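As structure tokens, the structure follows; a few thoughts come after it.
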Amino acid sequence: MSSLFPGLPPLEPRAAQLQPTPPTLPNQPAPVTKEPTPGAVTGTGPSSQPLPPQPQVGTAPVPGQPVPFTGTGTPASPVTFKRGEPVGFFTDATLCIGCKACEVACKEWNQLPAELGKDGQTLPMSGQSYDNTLHLSGTTYRHVAFVENFDLSDPNRVGGQWSMMSDVCKHCVQAGCLEVCPTGAIMRTEFDTVYIQQDICNGCRYCVTACPFGVIEMTEQGVAGKCTFCYDRLQSGLTPACAQACPTASISFGPIDQIQQRADARLASLHQEGRTKAQLYGRDPSMLGGLNAFFLIEDSPEKYGLPVAPQLPSRNNLPSGLLGLAAAVLTGLASMLAFRKHRVETVAAEGEEGGAAHAS
Amino acid sequence: MSFGRGAATTFQQDIANSDAILIMGSDMAECHPVAFRWVAKAKERGGKLIHVDPRFTRTSALANLYAPIRAGSDIVFLGGLISWVIQNVLENPSFPNYDFYRQFVTTYTNAPTIVGDQFRDTEDLEGLFSGYDPQKRSYDNATWQYDRTVIRGTDPRAADSERSGQQGGPQQYGFDAGMAADTSKGFDPLVRALVPPRETRDESLQNPRCVFQILKRHYARYTPEVVEKATGCPRDVFLQVARTFAENSGPERTGSMAYAVAWTQHTTGVQMIRAAGILQQLLGNIGRPGGGILALRGHATIQGSTDNPTLYHSITGYMSQPTVLKRHETLKEYLATEVQPTAYWANQPKFMVSYLKAMYGDTATRENDFGYAWHPRIVGDHSHIPMMVAMADGKVQGMFAIGQNPAVGGQNAGLQRRALARLNWLVVRDYFEHETASFWKDSPEVRSGQLKTADIQTEVFFLPAAHPAEGEGTFTNTQRLIQFKEKAADPPDDARTDLWFTYQLGKRLKELYANSTAPRDQGIRNLTWDYEPTAEEVAPWRIKDDPSSVKILKEINGYRVADRVPLAGFGEAKDDGSTVCGNWIYSGVYPQEGRNLAANRNPDGYVSLGWGFAWPANRRIMYNRASARPDGQPWSDRKRYVWWDGQRWTGYDVPDFAVTKAPTTPAKDDGIGLDWQSGTDPFIMKADGRAWMFAPTGLVDGPLPTHYEAAESPVHNLLYPKQDSSPAYKYFARDDNPLAPIADARFPYVLTTYRLTEHYLSGVMSRWLPWLAELQPELFIEISVELAREKGIANLDRVRVSSPRASIEAKALVTGRLRPFSIDDGQGTMRTVHQVGLPWHWGYKGLSTGSVVNDLTSLVMDPNVSMHEGKALVCNLERIG
Amino acid sequence: MPPDFNPSFVPPQWAWWVVLYFFLGGITGGTYFAAAWLDLFGDRGDRGIVRMAHLLAFPLILLSAGLLIVDLGRPERFLNMIVQSERFPLPMFKPYSPMSAGSLILALFGAISFISFLDAVFTRGRERWLHRAGSVVGKVISFVGGIAGLALAGYTGWLLNVTNEPVWGTSPFISALFVFSGISTGIAAILIAAARLPDSTRVKLEEADNYLMGFELLTLLVFLLTLGSVGVRFVVGQPLVVLLFAVTIIVGLLLPFLLHLRPRLLGGHRTATAAAAALALVGGFALRWAVLAGPQGITLQGISL
Amino acid sequence: MPEQHSQAPGIAGVAPSQPSAPPFSRREFIRLSGGVSGALGTVAALGAGVAAPVAQAATLRIQDARAIPTICPYCAVGCGQVAHVVDGRVVNIEGNPDSPINQGNLCPKGAASYQLMVNANRWTTVKYRAPGSDRWEDRPLDWAMERVAQLVKQTRDETFVEKGPDGKTVMNTTAIFSLGGATIENEWNYTHAKLMRGLGIVAIENQARI
């Protein structure tokens, strides 16, 4: 081990962390029907004698075994997950290379339009590092933020960092959008994700105001749009498009407890490496009950456009409800007073119906 | 040049086994994000990532160590590493695993080999090697040759160093001897006649003329201080890189290197790669898992198009294209000139004859030299840039631009667009109406009035191309892996695959020449051209006249003429005309009728020999014999890969060695080919079976990498004050291709071009795609905060960038990721050198537009491979608003 | 220290339809509330006004609902807020969602104001059926409707508060503010609409209005103060918003107050009342606009305020 | 299977949640959401709320597609891709998880491969520009192929050199230049180079020198 770097401890092979469970989904996806290729062969090893075990690179579960089509992708070994059990994204900014594959893979799978100008040409560049998406929207469900952190007074920029993070809907366990949605279009799925049924949404935009992360925006169809967590893929046992595409495992997908373990291990190893600014964002239930899409970042959350203390809009239900109620009571009383006060005079003048009025 | 085959030595997945990865000359994370996946895996396992680059890029963002260097100073940095390793590893017995390094270098490289006494190094000649002709700007490599014994048949290691008959007396071996050999029954006698005496060696590495000592002297001046002054990289960062990389090699650990076009696009590009090869040899990182040098190439099958070259200078399988510039008049002359008798290349006659059989079929017979006379010769440099220059001068009449867009991607692109206007006809095959297709109506030259549409007499055809998923065939990726892709759908309307185009064009031309008796037309008349599809192949499709790609693959693989049974591998090729083999290195990809190993899809957790087919012979790590000690056992358990089990070589990979040749096998001086090499010589393509630190042949600009400034540089050469730029680079001195002199005050800034993840090359496959165009919508120029301040440029300001060739506009992206360098100007004064960066994907068409950055670049080229210099030039900036 | 507002907020782009809706909704609720309270606590002299308000309230709520629906991204799906589209006719109701609750309030208010409306229309020139003097049913309807009117006027403030937008979600006083302002504008609307108002009724309404304007002024000040740094950025930082709040306070509150106290300034009670009411409406509109513009900004195109 | 669509339940499904720091674990909490709604329903009116999880069937757009293995057309990493085909049309291209090189990953360009194929800007018919003309004209494919063949023959025949001035065999023409190939199948590279050399065209280049 190099003396220069205390070094990462080698991570446990993924297989040890992710206990494969037999797939329980009723709705298995179409397997890759390998087109008949003439004479595909197996076992073209150099020698028929048994070899010592191969070092494992990456992901495959057993040497010599084909990797199953379904549910592989990042991270590593085949991800198995079940209906009725929460899944999540762990997005690790320290592994992100800002390639934006997640953005495009998402648009490809969900067939979302690019955001172009009215003339069909691109909009002007933003000038904010390599970020030209700038924020999540109704048609951009993944957005890679670029944070440049360089000491400009030092020509050598010692310790300079350029960090990137792929932002996404957090699929909060306590979801503001879900609470406020008046049509029930926003639902919690059997995977514990938050999903907008766009054929029910009527475009009131209340969810837009409710989301503490600014995730939701309107689409051209007049309905709210945000990450679906590839609900259709999940139901077929497929990894969401962004996580499958992510080249560096910056986006991990899996059952929530497993990716939480992965995140904890990753954080520990970074801390051991001396990268003490690394922190998990939204992993713990203290933040909106825990975010099903949580992050590992190496700077303050605001730098990545994340609120430090996101809150549910419903926190205001009670104070504002009570104050409104008080105002209503006050209004009722004041009006009653005003009306009754002058009523006495008019009774004196007309003198008939007092009894009836007093009956209340 | 260093190891014997022009390709990546390893496979991408194996990077995950590296303990250190040195990425230099590549922005891997941006340009090859999925390959970078394996770097990320290595990092997760504790590997150290080092990135050396002029700009802080998305690769640097993930690096454990980032070393900034001025563009074009790579060889100083690499030379510094080589020098540091020689001093601190190979000559430092207290360095951990000292014995390993010594053994590796002594046994597997030409470090102990003694070079002839006529050789003079740059140390002696102030920046030049011996053999330089200043008039021709080129070298004669005669003095770079090994010292050889004249005694044959004895153990060369015991022999006294007497020099060979080359210098006097009748020649006992070589061209004349070969020509004198009787080849009426086969070419073996010719090959045998070429075998030279064995070279002399000093296993103690002490002889002052041995490669190791030459190397040590050559790099002695590349000290950390000089590195700091010439590259701008702080000394402690350089030392950290050196230590980290060295400490992560050895028997238990390996380090790998990755590079891309940021090395090749220099006038010293090939030498940069060579320097990396030397470093990896010194550290024992070749042929071993987690080691090697990975060339990251930029196109889907650029490796395949080099193996099956649509390149003027070679025919298939890296055999030289016959040329009038060498003694190639007859097949025998060609072989006597080309064959390397003491390496696997001794088999070249078989490959050449089988190639000619693939060209001319039954009409190629021993009697007519297998049709060699019909085969065209080259008469000079017909590469891209010289051809465009010839075109600009009106010497080229017709052109095919097939999936390439030189109006944007070509150097000094304005010149190239003007050249297009002089063509009689131009055939463009692509998806979109790109800049080359429409140069006649909307190029900057037309819009500025320099050219008039009505005057351009070029007849232009736009033929719509098919998406790769709309046709079948194989791609060869950067790790030499041949993969078959199936056809998913028919291309729409008139769109056709390029294969359809070439096949149908060929059929029409064969028809036009069918009745010609002129000797000049016999080549095309006799060309075999039958790739008709079977009924089943086209049954599912609308397009019924696509050629059969499997038939072509079978021809590439080779087959026996008599019964058309496919060759199981290139070992079955014959030099008597009984076999056809289109490309010998691909032989084995289609080993039996109906078995297409490129379509093999059985991956496993690591080497995945069952996935596709890697040339040669499905080897994934080349020279993997070096992963075992000379005695055949793994260097360590952790790094075991291929080893000798007592009877045969075995392991995870296909051994890159004669499978039953024991480690103890002695070299046979009377043998040819691999017999001439011993059981400890892993580099079977090399004449001495060893990796070359010193390259006596194969390079035209020197046997050892030497730092020269780029053709355009703001500073003089600090290392060799008398020799600023490469003494051999190619340059077209023309009015429309001016070069700035070194340290030209008019162009004070270093300009480097690069690529972005979001776009692809000249942009044809990205600027028309909304999903990609929106991600990087405009051309920009990256400028450091310091330079921006100096020039009064704010973020997003429009900036005029000018080089001696042209000036263009770009939006400023002011960033802390670029930094000013403090550099010695080559004359003892430290000065600040600013660098700017321009991604070159843009043109004036598409959804996302911008100036053509290549208008700025020049026609100046590496002398070995005619690669232009796009990564280091000079420019000036001014703010326009 | 975390900032006082959520930096990730996205304005919903609620524009003119919604400003108008918030304004009209307040008026509508206030109108019916005033009528209900006059019905409950007033006297025979107020009956005409009650009837007039009943004739006014239902068309107003239709108009309000229309504005709300027009503003939806998919207006044809407005019913999804009321019933579950896939489980018709199960009601769609989430009491903790102000928007959902608001839909229910709208529905309830609509139903009651419709009954009162019918009662007023079909008893033209005669004694009312339901809202006749002494009718317990009438009183119950008035009471429930009055409460619904209060809710209608005020829930919009609650709704704005239950968000993560700066200004809206910052101070809970916004709901109280909207209650006072809404009812006050409702009374103002009656004062304008009923040009020939019996003096007795006018006095009652003006007095009630004076109370409410007082409360509103106080609440508005508290509201602005409790915005803290958010107010500095999103109110003080936007001149047009400052102007709108100034209009609210001066034109919508102080001037009407003055006119109620010193009607002679405009030559007489009747003119002064009408003028004061008109000014109060202007103030009410300015307040809605100011609040909605806060986090969304104001653009001249008026597309996004 | 659950019904096709379901609005999240209204009153019936109202579930409260804890405004902060729930005393329940996540899993318990989710269970609670479904179960104990009634008891705490009143609290829900003024507190936070989360609807119970429900399932809804989403249609997978590649459900009945044929999956065809292919290779990414962009850089030389050689990522495996799967093209999903419905009724003869490609509807989706994504990373092939089987491939040991990319294991399902793609970069943004690879992920956009589908748009390289299905793209309104793509030209799919033959265009011809006559000498001196300022516009493209439509031409049949067959006509264009015949015209190109004639031009190749004409240029070749006019410029072919059999012997050099020194008497050496040359057998070439340098007046025709073929450029491109690094993004095209090996079979094309092989046959194209073969055809060019068969004709004596030696100026063959591709992007390897770019």
Side-chain angles (χ1 to χ4, degrees), chain B residues 33-35 297 299-300 302 304-306 308 310 324 376 378 382 384 387 396-404 425 431 453-454 457 460 462 464 467-469 473-475 477-478 483 485-486 488-489 492-495 498-499 502 506 508 512 523-524 527 549 552 603 608 611 768-769 771-772, chain D residues 68 70-71 73 76-79 83 85 90 100 102 105 107 112 115 117 121-127 129 131-132 134 141 149 151 153 155 160 162 168 171-172 175-193 195 198-200 202-209:
Chain B
V34 181
R297 311 199 65 182
H299 302 71
I302 192 160
S305 65
T306 315
N308 304 284
T310 40
V324 299
I378 51 175
H382 308 300
H384 183 158
M387 284 309 290
V396 178
Q397 297 178 21
M399 175 169 171
F400 298 98
I402 304 185
Q404 192 166 350
W425 53 270
Y431 309 112
T453 298
Q457 291 305 308
V460 186
F462 180 94
H467 186 282
T474 59
F475 280 168
N477 81 348
T478 199
Q483 301 184 91
K485 61 183 176 58
E486 321 261 344
D493 304 332
D494 286 347
D498 299 304
L499 193 53
T502 290
R508 284 172 198 266
L512 291 174
I524 180 70
L527 199 71
S549 61
I552 300 170
S608 294
W611 183 274
W768 277 263
L769 273 58
W771 289 331
L772 296 176
Chain D
I68 310 295
T70 179
I71 306 294
V77 169
C79 295
V85 181
V90 174
N102 59 312
N105 298 166
C107 77
Q115 207 171 47
M117 180 187 287
N121 305 307
R122 183 175 171 189
W123 275 13
T124 59
T125 54
V126 173
K127 304 283 178 192
R129 185 255 180 188
D134 62 354
L141 179 59
L151 284 170
K153 180 168 192 300
T155 305
F160 199 87
E162 286 181 49
K168 281 189 168 183
M171 294 298 271
N172 79 12
I176 299 176
F177 180 34
S178 169
L179 183 64
T183 56
I184 311 169
E185 297 84 353
N186 293 327
E187 290 74 13
W188 179 83
N189 277 280
Y190 174 78
T191 44
H192 190 73
L195 176 63
L199 289 162
V202 287
I204 315 168
E205 281 285 280
N206 65 38
Q207 293 92 328
R209 261 184 269 269

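To find a chain, count down the sequence lines: A is the first, B the second, and so on, and within it residues start at 1. Every heavy atom of this structure was used, including side-chain atoms; hydrogens, water molecules and symmetry mates were not. This structure is a prediction, so every number in the text was calculated from the model and none was measured.
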Item to check | Close side-chain approach of Ser305(B) to Asn186(D), heavy-atom, < 4.5 Å | outcome: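 Ser305(B) vs Asn186(D): side chains apart.
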Quick check against the 3.5 Å criterion: does [X] have a side-chain atom that pairs as donor or acceptor with the backbone of [Y]?
X	Y	result
Glu187(D)	Thr474(B)	yes
Trp188(D)	Asp498(B)	yes
Gln483(B)	Gly78(D)	yes
Glu205(D)	His384(B)	yes
Gln207(D)	Gly403(B)	yes

Kindly compute the distance separating [atom1] ([X]) from [atom2] ([Y]), expressed to the nearest 0.5 Å.
X	Y	atom1	atom2	result
Asn189(D)	Phe475(B)	CG	CZ	9.5 Å
Ile402(B)	Leu179(D)	CD1	CG	9.0 Å
Lys127(D)	Asp494(B)	NZ	CG	10.0 Å
Ile302(B)	Ile184(D)	CD1	CD1	12.0 Å

Could you tell me which non-hydrogen atom of [X] sits nearest to which non-hydrogen atom of [Y], and how far apart they are?
X	Y	result
Thr310(B)	Gly181(D)	OG1-CA, 4.3 Å
Arg122(D)	Ala495(B)	NH2-CB, 4.0 Å
His299(B)	Ala182(D)	CB-O, 3.2 Å
Leu499(B)	Thr191(D)	CD1-OG1, 3.4 Å
Ala203(D)	Met387(B)	CB-CE, 3.3 Å
Pro100(D)	Trp611(B)	CD-CD2, 3.2 Å

Next on the checklist: Counting only non-hydrogen atoms closer than 4.5 Å, does Glu162(D) touch chain B with its backbone (N, CA, C, O), its side chain (CB onward), both, or neither?
Outcome noted: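 It is the side chain, since no backbone atom gets that close.
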Checklist entry - Is chain B contacted by the side chain of Val85(D), its backbone, both, or neither, given a heavy-atom distance below 4.5 Å? => result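 Side chain of Val85(D) only, per the 4.5 Å heavy-atom cut-off to chain B.
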With chain D, which of [options] has the greatest number of heavy-atom pairs at distances under 4.5 Å?
options	value
Gly398(B), Gly304(B), Gly523(B)	Gly398(B)
Thr306(B), Ile378(B), Thr453(B)	Thr453(B)
His467(B), Met399(B), His382(B)	His467(B)
Pro492(B), Ala489(B), Pro376(B), Ala454(B)	Pro376(B)
Val324(B), Val460(B), Thr478(B)	Val460(B)

Residue selection (most heavy-atom pairs with chain B, distance under 4.5 Å) from [options]:
options	answer
Leu195(D), Asn102(D), Val90(D)	Leu195(D)
Lys153(D), Met171(D), Arg209(D)	Arg209(D)
Cys79(D), Ser178(D), Ala83(D), Ala193(D)	Ser178(D)
Asp134(D), Asn172(D), Asn121(D)	Asn121(D)
Lys168(D), Arg129(D), Met117(D)	Arg129(D)
Leu151(D), Thr155(D), Thr183(D), Leu199(D)	Leu151(D)

Checklist entry - Do Asp493(B) and Thr125(D) have a side chain donor and acceptor closer than 3.5 Å? => result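 There is no such pair (donor and acceptor under 3.5 Å, judged by atom type) between the side chains of Asp493(B) and Thr125(D).
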Checklist entry - Going through the distances and angles, do Ile176(D) and Trp425(B) end up as a side-chain contact (heavy atoms from CB on, under 4.5 Å)? => result CA-CA 9 Å; Ile176(D) 299 176; Trp425(B) 53 270; 3.9 Å; yes
Item to check | Side chain, backbone, both or neither of Trp768(B) within contact of chain D (heavy atoms, under 4.5 Å) | outcome: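 Both backbone and side chain.
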